[in-house]
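Heads up, the thing below is written out as structure tokens.
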Amino acid sequence: MDAIKLIEQDSIKAEVPQFSVGDTVKVSVNIREGSRERIQMFEGTVIAIKGSGTSKTFTVRRLSYGVGVERVFPLHSPNVVKVDVIRSGKVRRAKLYYLRGRVGKAAKIKENIK
């Protein structure tokens with residue numbers, strides 16, 4: 001059991017961005033296409049954060065041409081280059097799955113002004 005924990009400690013990133021559910025984030029992801037690599041941005045609202053340690057993941061949702069697109073990112077993955085917080089949202093839920101059924105202004109989240 002200790003050997004597994006040691007391996008997990010090596011794969012945890014040193015600097016983890018601070019964000020929570022309801023925040024609008026821009027995730028930079030490393031994409032491999034054949035032999036080439038490029039960085040792709042995915043901007044949206046964090047609707048869920050699950051897990052702990054190396055298995056911690058977060059789900060980001062955005063609307064693309066009127067269609068809802070959700071992506072689940074492992075927080076400590078080497079393919080996730082960086083996570084920038086664009087807006088801080090004020091929500092009272094741990095999971096925002098109710099946003100899936102809403103479009104337009106009904107899907108807006110209040111901004112948390114600090």
Legend entry - With Arg38 via salt bridge (Lys or Arg N to Asp or Glu O under 4.0 Å) - residues at least two apart: Glu33
Inset, instruction - Measure the CZ-CG distance between Arg32 and Asn79 for me, rounded to the nearest 0.5 Å. - result: 5.5 Å
Using atom types as modelled, flag every donor-acceptor pair under 3.5 Å from a side chain in residues 104-111 to any protein atom, sequence neighbours excluded.
none

Legend entry - Side chain Asp23, main chain Gly89, donor-acceptor under 3.5 Å: yes
Legend entry - Partner residues of Gln18 under the side-chain hydrogen bond (donor to acceptor under 3.5 Å, both in side chains) criterion, sequence neighbours left out: none
Inset, instruction - Check the pair Val25 / Ile86 against side-chain contact (heavy atoms from CB on, under 4.5 Å), numbers first and verdict last. - result: CA-CA 5 Å; Val25 295; Ile86 307 296; 5.8 Å; no
Output side-chain donor-acceptor pairs under 3.5 Å for residues 53-63, partner residues at least two apart or in another chain, one line each.
unit_1, atom_1, unit_2, atom_2, d
Ser55, OG, Ser52, O, 3.0
Arg61, NH1, Glu70, OE2, 3.0

Legend entry - Test side-chain hydrogen bond (donor to acceptor under 3.5 Å, both in side chains) applied to Asn30 - qualifying residues, sequence neighbours left out: Glu37
Inset, instruction - With sequence neighbours excluded, tell me which residues meet side chain to side chain contact (heavy atoms under 4.5 Å, CB included) with Val103. - result: none
Inset, instruction - Count the heavy atoms of every other residue, nucleotide or ligand shown that sit under 6.0 Å from CZ of Arg93, and state whether that count exceeds 12. - result: no
Legend entry - Non-hydrogen side-chain atoms of Leu75 and Val80 separated by less than 4.5 Å: no
Legend entry - Verify same cluster id: Ile31, Val69 (apolar side-chain graph, 4.5 Å): yes
Legend entry - Heavy-atom side-chain contact between Phe19 and Thr24 under 4.5 Å: no
Inset, instruction - Name all pairs fulfilling the salt bridge (charged side-chain N to carboxylate O under 4.0 Å, His left out) condition that reach into residues 74-85, sequence neighbours left out, sorted by first residue then second. - result: Lys82-Asp84
Without placing hydrogens or testing angles, list every side-chain donor-acceptor pair under 3.5 Å for residues 39-50, not counting sequence neighbours.
none

